[in-house]
Amino acid sequence: MVGKATCVIAAAVTVFAVTVFSGSTANAASAEANYKFYCSQCHGLEGKGDGPNATKSQPVSPRNHTSATEMAKLTDQDIVNVIKGGGAATSKSTMMPPFGKTLADGEVTALKDYLRKLCKCKGN
Amino acid sequence: MKGVSFLRLAAISAFAAGIAFAGTSHAGVAEGKKIFDSKNCGGCHQVAGPAKEKSIEDQLAKKAPELWYAGSKFKKEFLEKWLKDPKPIRPMEYYSLTKKNAGNHPKLDGKNADEVADYLMSLTSADAKKAGIAPKGGPQGRIIFEKKQGCYGCHEVSKGGSTVGGLTGPTMIGIGDRLQPDWIYAYLTNPKVFKPVKDMPTYEGVLSESDLKILAEYVSSLK
């Protein structure tokens, strides 16, 4: 009995600790979670540029993030700039929106790394 | 015993006074709340503020948009009409990237819908301040909406008789009939209060205050 109770208490403490911890870092979701939440609506869940907003009526298609040819044209700094400032930051379409006031700098850098994994490429 | 029954009496009259008060200001607030509770609308919708979501998981766990500031956000006539005949507002299922909105929202009949609308209009937020925003179409707003930013990337609009744009945001077709112009401005300038975690980028600090004002005027003019 005692063992069981201790176990329950330990579990409760862990849940509490995890809750408090994740609460204090509310902003810093993983790059994958951020990508699926913010980017996939246009770029698709796998990054192929086929999210639900990539309708036929749109003037430009969202970049295919799995395309090494396309993504290698961008330096790491270009990627950070375009995520923060939107398409205008790399002289592309403003259909790519700015996330500089939505995501913390660390989250943007983590997303840049995530994009490099999707394209399996480096910037030239 | 006497003390107890006195207390009970006091409680009952306070309750009655509450209802009577609500009754004189808005006809159906108390009745509307009863219907809202009995239909379990609160099983999906949050009606007590402030916003509680802190993380993406919190937001994705929500079954429906929050209604705790519905009276600051919606036009009453819209609610009365929509609750009787709910047509999809978001083309996709709430926060889904794969499923279309099935258009199966619970429906209310005439009197019930009007009373629930009265109740929802009583739920307001002090952060939705009066800003004197009035609907105004025209090129100034359109340039911000279509060129400076690509709002229709996520929000469908009506253009030359056809529907164009993205699908993940609420539709902007008929938004002028649906939302209060001042709320649109409050949301654009202070989104965190209403939607602390949302898939739409924050434009406060990206666009100037005057651009945000022109944008709110433009959006509230869309039919």
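So you know, we letter chains A, B, ... as the sequences are listed, proteins then strands, and number each from 1.
Using the six-membered ring where Trp is involved, B:W68 and B:F194 have ring planes that are parallel, under 30° apart on the 30 and 60° scheme.
Of the atoms belonging to A:L45, it is side-chain heavy atoms, and not backbone ones, that fall under 4.5 Å from chain B. For A:Q41, the parts sitting under 4.5 Å from any heavy atom of chain B are the backbone and the side chain alike. Proximity to chain A is absent for every atom of B:S162, based on heavy atoms less than 4.5 angstrom apart. For B:Y152, the parts lying near chain A are the backbone and the side chain together; criterion is any non-hydrogen pair under 4.5 Å. Interface remark: B:K159 contributes no atoms to any contact with chain A (heavy atom separation under 4.5 Å). Neither the backbone nor the side chain of B:K100 comes within contact range of chain A; no heavy atoms are under 4.5 Å apart. Heavy-atom distances place the backbone of A:K36, and not its side chain, under 4.5 Å from chain B.
The six-membered or imidazole ring of A:Y35 lies near that of A:H65, with a centre-to-centre distance under 6.0 Å.
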**OP:** Test A:N53 against B:T168 for side chain to side chain donor-acceptor pair (under 3.5 Å), laying out the working first.
**Re:** CA-CA 6 Å; A:N53 287 331; B:T168 59; 2.9 Å; yes
**OP:** Decide side-chain contact (heavy atoms from CB on, under 4.5 Å) for B:F78 and B:L179; before the verdict, give the C-alpha distance in whole Å, the side-chain angles of both, and the deciding distance to 0.1 Å.
**Re:** CA-CA 8 Å; B:F78 165 81; B:L179 304 185; over 6 Å; no
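Heavy-atom pairs under 4.5 Å with chain A were tallied for B:T98, B:V206, B:L167, B:V164; the largest tally goes to B:L167. Ranked by heavy-atom pairs under 4.5 Å with chain A, the first of B:G205, B:G150, B:G169, B:G165 is B:G165.
Residues A:K73 and A:T69 bring no donor and acceptor atom of their side chains to less than 3.5 Å of each other.
Within a 6.0 Å sphere centred on NZ of B:K148, heavy atoms belonging to other residues, nucleotides or ligands number 12 at most.
Here the options are B:K87, B:E156, B:H155, B:R90, the test is side chain to side chain donor-acceptor pair (under 3.5 Å), and the partner is B:T171; only B:E156 passes.
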